[in-house]
Asks: 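Could you have a look at this structure, given as structure tokens, before my questions?
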Protein chains: 2
Amino acid sequence: MRGREEAGRDDAEIRGCRGEAARGPRRSADSASRAYQAIRRLVVEFRLKPEERINEVQLAQSLGLSRTPVREALNRLASEGFLVFTPNRGFVFKALEIEDLVRVFELRSIVETGSIALACKRASDAGIAELAAFWDEALERYRREDPDEILELDEAFHVRIAALSGNAEVVKALQSINARIRFVRRIQIERGAWHPRLVTEHTELVESLIARDAVRATEILRRHISMTIEDAALVLKEALFKLYVADSASVSQS
Amino acid sequence: MRGREEAGRDDAEIRGCRGEAARGPRRSADSASRAYQAIRRLVVEFRLKPEERINEVQLAQSLGLSRTPVREALNRLASEGFLVFTPNRGFVFKALEIEDLVRVFELRSIVETGSIALACKRASDAGIAELAAFWDEALERYRREDPDEILELDEAFHVRIAALSGNAEVVKALQSINARIRFVRRIQIERGAWHPRLVTEHTELVESLIARDAVRATEILRRHISMTIEDAALVLKEALFKLYVADSASVSQS
DNA sequence: GAACACACAATTGTCGACACTTTCCTTGAC
DNA sequence: GTCAAGGAAAGTGTCGACAATTGTGTGTTC
């Protein structure tokens, strides 16, 4: 749910802070966008301590910006569900509780099963063929076992299915959901215990789309996601544990 | 998808511009929030011309605020899908095309059917009883035929069902969707041609929840919403037409 | 020693000013 | 008359400063 028409890529690198030479225009017209990318990264990669208040001044300084664009970015992230805002007290990164994570996955399941059912009814043969081709090619690239690539391919596959529903709103909703669970998925894939089933199920999804078998497709997808939920919950528990261990360790040092 | 913990009510009135007496604190700590409510109102009630750029300075002046909180509000509205933002060109209120409206309704259908299915499985008997009680009471209030009240009750009813799924994320998603189609629903209810079926279907939904009949519940809900879609599309077409007529009339006058 | 009040520090909220972009209008060439 | 170039005008993007609020530590009272 972005409502933005930016060209900015998700993983755009933060460009050099302008402290040194001050060449180039003083306003880059995308400070807010850079701030957004940077902070989002901090959140998605779990680099912020949960429950800790985010200090705007500090954050702005570390990004070499003023508070205005930082605040704008924080606001956006809050309305996308990454941060929680309380008036007069600022922004906090609330780490997803296990239960919240499960809920987000459940929402994902609802949106995806709904959209695949539509896709079975409405998608053009060409569209489905394109998905099949995409998945064929993706299979090759899965073999390299690069977690980032796999994550990207996996998300892209699911988004493409949603897109076959012909409903852009559904696609947007799914993308927004994906962003929120990405950090867990990333770890999940890194650990790498679950590839085989994932892969075959994707193939099955393509098959049932070709057959336009909505019942089978939704059933596979529901299982597919609920399997992932359980795994993701474990992963998150582990990540939170590590975080708290690291946290208490650093506390005891000081 | 708010990520906000504000107390602000939706229809909070804009308080007097502080030009005159300047008593009370110069910062109310909720300028942004007031701006948000005010602008949202303009959008939801269709008081902004579609496609026309929103002038921040002008808007800020008319609200008696500076640009900063206005901008913050605009940003929020953009990420909620009400406005479209383009860098260096600002915010635009894009009226939903008929097709977009249909898509949002479709998303709503997906989310609601998904959540009612969950509710059938998981809701507590007490929760369902409460919904039934709510609907009983609501029926009384429907008789007064106050459009605003009916809209509120209708939304509340559907949100309550979603809440019975026990999934707060689903509820948030639904609320965000509701906000985006509220303006059409408002007109729809004002015209008042559709009440009877709506009411009986709500009763049927309660019944099938009590019977925990997920299949029936989802089927009723799907029909319920798709019926509304068609009606809403007509309403929007009419509203857009009026808008353009009014527009060209005022143009020809000047 | 605990509870409260008070001042002071840290942090958020808003503002006005200025830098930069886009837009629109004028001017001039063809 | 059409089009392009140039330059004001309008509007957005960012900044630094100050106002208001919240958090914290100190002293006072019981």
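Computed from a predicted structure; not experimentally measured. Reminder, nothing fancy here: chain letters follow the sequence lines and each chain counts from 1.
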Asks: Got a salt bridge between A:Arg185 and A:Glu155, using NZ or NE/NH1/NH2 to carboxylate O under 4.0 Å?
Replies: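 Between A:Glu155 and A:Arg185 there is no salt bridge, as every charged N stays at least 4.0 Å from the carboxylate O atoms.
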Asks: Would you say A:Asn55 reaches C:dT11's phosphate, i.e. side-chain N/O to OP1/OP2 under 4.0 Å?
Replies: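 Looking at the OP1 and OP2 atoms of C:dT11, one of them is under 4.0 Å from a side-chain N or O of A:Asn55.
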Asks: I want to know whether B:Phe46 and B:Phe93 have ring centres closer than 6.0 Å.
Replies: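 When the ring centroids of B:Phe46 and B:Phe93 are compared, they turn out to be within the sub-6.0 Å range.
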Asks: Any base atoms under 4.0 Å from B:Leu74, or only sugar-phosphate, or nothing? Heavy atoms, all strands.
Replies: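 Touches nothing.
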Asks: Would you mind reading off the distance between A:Asn75 atom CG and C:dT14 atom P, rounded to a whole angstrom?
Replies: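 For the pair A:Asn75 CG and C:dT14 P, the rounded distance is 11 Å.
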Asks: If I take atom CD in residue A:Gln61 and atom P in nucleotide D:dC15, what distance separates them, rounded to the nearest angstrom?
Replies: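 Distance check: A:Gln61 CD to D:dC15 P gives 12 Å.
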Asks: Between A:Val84, A:Leu83, A:Leu42, which is the residue that forms a side-chain contact (heavy atoms from CB on, under 4.5 Å) with A:Leu77?
Replies: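 Going through A:Val84, A:Leu83, A:Leu42 one by one, the side-chain contact (heavy atoms from CB on, under 4.5 Å) with A:Leu77 is satisfied by A:Leu83 alone.
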Asks: Whether B:Ser66 contacts C:dC15 is assessed here as follows: a side-chain N or O lying under 4.0 Å from the phosphate OP1 or OP2. Is that the case?
Replies: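 Yes, because at least one side-chain N or O of B:Ser66 sits under 4.0 Å from OP1 or OP2 of C:dC15.
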Asks: Rounded to whole angstroms, how far apart are CD on A:Glu72 and P on D:dT14?
Replies: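 In whole Å, D:dT14 P lies 7 Å from A:Glu72 CD.
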Asks: Would you say the side chain of B:Lys94 lies within less than 4.5 Å of the side chain of B:Asp100, judging by non-hydrogen atoms?
Replies: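 Result no, sub-4.5 Å side-chain heavy-atom pair not found.
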Asks: Classify the nucleic acid contact of B:Leu59 as base, sugar-phosphate or nothing, counting any heavy atom under 4.0 Å across all strands shown.
Replies: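 The answer is nothing, as B:Leu59 stays clear of every strand by at least 4.0 Å.
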Asks: List in chain and number order the residues that pass side chain to side chain donor-acceptor pair (under 3.5 Å) with B:Asp146, two or more places apart in sequence or in another chain; answer none if no residue qualifies.
Replies: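 Listed in chain order: nothing, the list is empty.
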Asks: Separation of A:Phe85 atom CZ from D:dT21 atom C1', in whole Å?
Replies: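 Going from CZ in A:Phe85 over to C1' in D:dT21 covers 12 Å.
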Asks: Going by the rule side chain to side chain donor-acceptor pair (under 3.5 Å), which residues pair with A:Arg108 if we only count those two or more places apart in sequence or in a different chain?
Replies: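 Partners of A:Arg108 by the side chain to side chain donor-acceptor pair (under 3.5 Å) criterion, ordered by chain and then number, come out as A:Glu112.
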Asks: Please produce a list of atom pairs where a protein N or O lies less than 3.5 Å from an N or O of nucleotides 23-25 of chain D.
Replies:
{"unit_1": "D:dG23", "atom_1": "OP1", "unit_2": "A:Arg89", "atom_2": "NE", "d": "2.8"}
{"unit_1": "D:dG23", "atom_1": "OP1", "unit_2": "A:Arg89", "atom_2": "NH2", "d": "2.7"}

Asks: Send over the distance from B:Arg67 CZ to C:dA19 P, rounded to a whole Å.
Replies: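 After rounding, the gap between these two atoms is 15 Å.
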